[in-house]
Amino acid sequence: MNAYSGISHHVGKTPLIRLNHLSDLTGSEILGKAEFMNPGGSVKDRAALGIIEAAESAGNLKPGDTIIEGTAGNTGIGLTVIGQARGYRTVIVIPENQSPEKIQLLRSLGAEVLVVPEKPFKDPGNYNKVAQRLAQERGYFWANQFDNTANRDAHFKTTGPEIWEQTKGEVSGFVASVGTGGTLAGTSLYLKSQNARIATACADPYGAAMWSWFTQHNLETNDGDSIAEGIGQGRVTKNLEGLEMDAAYRIDDQTAFTILQHLRQQEGLFLGLSSAINVAGAVRLAKERGPGQVIVTILCDSGHKYLSKLHNPEWTQANGLRADLPIESVLNSQ
Ligand code: PMP
C-alpha cells in the first residue's frame with residue numbers, strides 16, 4: 001500500500017471554521033464547514049464521488065465511459081475533476097443563467113458543455129431532462145444527482161461524521177440550504193442518529209418551495225426570487241424524501257449579501273451566495289435557541305466562481321443589492 005493518495009481520497013475532511021464576529025455577536029459558536037476547499041472547489045465533490053463510487057460498485061461505470069449530468073455547475077465540476085482522475089469523460093448540461101465562470105471552468109477542465117435555456121422542471125427542455133434524454137440516446141451514465149440517493153448517502157457517510165468528530169459531539173444545530181437536498185438530508189440524518197436533540201434547519205432563498213415544504217407540507221413558491229446559484233428547489237427530490245426539519249427559514253438576498261460582505265471583509269472568507277444564505281440561517285437558529293449553542297453550517301463554494309456577478313459592484317448595484325449595510329442590521333432584522 002502506498003502511503004499517498006490521489007484526489008478522490010482528498011474529497012471532504014474539510015476544516016470547520018469559527019465565524020468569529022457572528023459567534024461573538026450571538027453568544028453561540030457559529031461554525032462553517034469549508035467545503036470550498038474540496039478539489040473541485042465545492043460541497044458537490046462529495047456527491048460526485050459518492051455517485052461515481054456507487055455506480056462503480058453496481059457495475060454501471062467502467063473507465064472509458066462517459067458521465068452526463070444536468071447541473072448548476074458545481075456537480076459538473078466535481079464529476080469532471082474526479083472523472084479525469086478515474087478515467088471518465090463528462091458531458092455537462094447547464095442552464096444559461098449560471099455564472100460564466102462556472103461554464104468556462106467546466107470547459108477548461110475538459111468537460112463537453114451544453115448550455116441550454118433556463119426551463120422549469122416540467123419542461124422537456126429543462127437541463128436535467130436534457131441530460132436524462134441524452135444519456136438514453138447515447139448510452140452515457142446519467143449521474144441524476146437530484147434523485148440518486150448515493151448523493152445523500154455521501155453526506156451521511158462523510159459530512160455528518162466529520163462534523164460530529166470535529167465538534168466532539170457538541171454540535172447542537174445544523175443548517176443548510178437545498179439544491180438537490182443531499183447535503184441537508186444526509187448530514188441531518190447522520191447527526192440526528194447520533195443525538196436526536198440536535199436541531200436541524202433548512203435555510204431557503206425566496207422563490208423556492210422548501211420553506212413551505214418543511215413548515216406546511218405544501219410546495220407554494222409564488223413569492224419572490226433569488227440570484228443564488230445552485231439552490232432553490234421546487235419539488236421533493238428522492239434525496240429529500242421522508243426528511244423532517246425542526247425549523248425552516250426564508251432568507252432574502254439582501255440579508256445574505258450583507259453577510260457575504262461581512263465574511264469577506266471581516267473573516268477573510270470569499271464565498272458564493274448559498275454560503276451566506278446558510279450562515280444567515282445559522283444566525284437565525286442561534287438567535288432562537290442561543291446563547292451557548294454550537295451551530296454548524298456549510299460554506300458551499302468560493303467567490304471566484306461569481307467574480308463577474310455577485311462580486312462585481314456594477315452588477316450587484318444594477319440588481320439592487322446594497323454593500324454598505326452593517327452586519328448588525330442582519331442580526332436586528334431577523
Ligand atoms: N450551494 C451551491 C453553490 C451549490 O452548487 C449547491 C448544489 N447545487 C448547493 C449549495 C446545494 O447542495 P445540495 O445539492 O446538496 O442541496
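One-based numbering, in listed order, for ligands and for the atoms of each. Both backbone and side-chain heavy atoms feed into the values below; hydrogens, waters and symmetry mates do not. One-based numbering along the sequence shown.
Under the 4.0 Å criterion applied to side-chain N and carboxylate O atoms, Arg197 and Asp246 are not assigned as salt-bridge partners. Contact check on Glu56 versus Arg86 returns a salt bridge, with a Lys/Arg side-chain nitrogen under 4.0 Å from an Asp/Glu carboxylate oxygen. Between Arg152 and Glu241 no salt bridge is recorded (no basic side-chain N to carboxylate O distance below 4.0 Å). One finds no salt bridge joining Lys44 and Asp301 here, because no Lys/Arg side-chain nitrogen approaches an Asp/Glu carboxylate oxygen to under 4.0 Å. The existence of a salt bridge linking Arg89 and Glu112 is confirmed by a sub-4.0 Å separation between a basic side-chain nitrogen and an acidic carboxylate oxygen.
In this structure, a donor-acceptor pair under 3.5 Å is present between the side chains of Arg46 and Thr14.
Taking the ring axis of Phe121 as reference, the NZ or CZ atom of Lys129 stays within 45° of it and closer than 6.0 Å to the ring centre.
In the displayed structure, Gln104 atom CD is contacted under 6.0 Å by at most 12 heavy atoms of other residues, nucleotides or ligands.
Taking every non-hydrogen atom of Asp301 and a distance limit under 4.0 Å, the qualifying atoms of ligand 1 come out as 3 (C). For ligand 1, the atoms lying closer than 4.0 Å to a non-hydrogen atom of Gly182 are 15 (O), 16 (O). Near Val178, with a cut-off below 4.0 Å to any heavy atom, the atoms of ligand 1 are 16 (O). Near Thr183, the atoms of ligand 1 lying under 4.0 angstrom from a non-hydrogen atom of the residue are 12 (O), 13 (P), 15 (O). Atoms of ligand 1 lying under 4.0 Å from any heavy atom of Glu229, numbered from 1 in the order shown and given with element: 2 (C), 3 (C). Heavy-atom contacts of Gly230 reach the following atoms of ligand 1: 4 (C), 5 (O), 6 (C), 7 (C), 8 (N), 9 (C), 11 (C) (cutoff under 4.0 Å).
Between Asn74 and ligand 1, an N or O atom pair is found at a separation short of 3.5 Å. Checking only distances, Asn151 never comes within under 3.5 Å of ligand 1, N or O to N or O.
Evaluated by nearest non-hydrogen atom to atom 13 (P) of ligand 1, the leading choice among Thr71, Asn278, Ile298, Thr180 is Thr180.
Heavy-atom distances between Gly181 and ligand 1 reach below 4.0 Å in at least one pair.
Residues passing the salt bridge (Lys or Arg N to Asp or Glu O under 4.0 Å) test with Arg264: none are found, sequence neighbours excluded.
Nearest protein heavy-atom contact of atom 1 (N) of ligand 1 is Ser274 OG, 2.6 Å. Protein heavy atom in closest approach to atom 10 (C) of ligand 1: Ile231 CG2, 3.4 Å. What sits closest to atom 11 (C) of ligand 1 on the protein, heavy atoms only, is Gly179 N, 3.6 Å. Counting protein heavy atoms only, atom 7 (C) of ligand 1 is closest to Lys44 CD, 3.1 Å.
Only side-chain heavy atoms of Cys300 come within less than 4.0 Å of ligand 1; its backbone N, CA, C and O stay farther off.
When hydrophobic residues (I, L, V, M, F, W, Y) are linked wherever their side-chain heavy atoms come within less than 4.5 Å, Tyr206 remains an isolated member.
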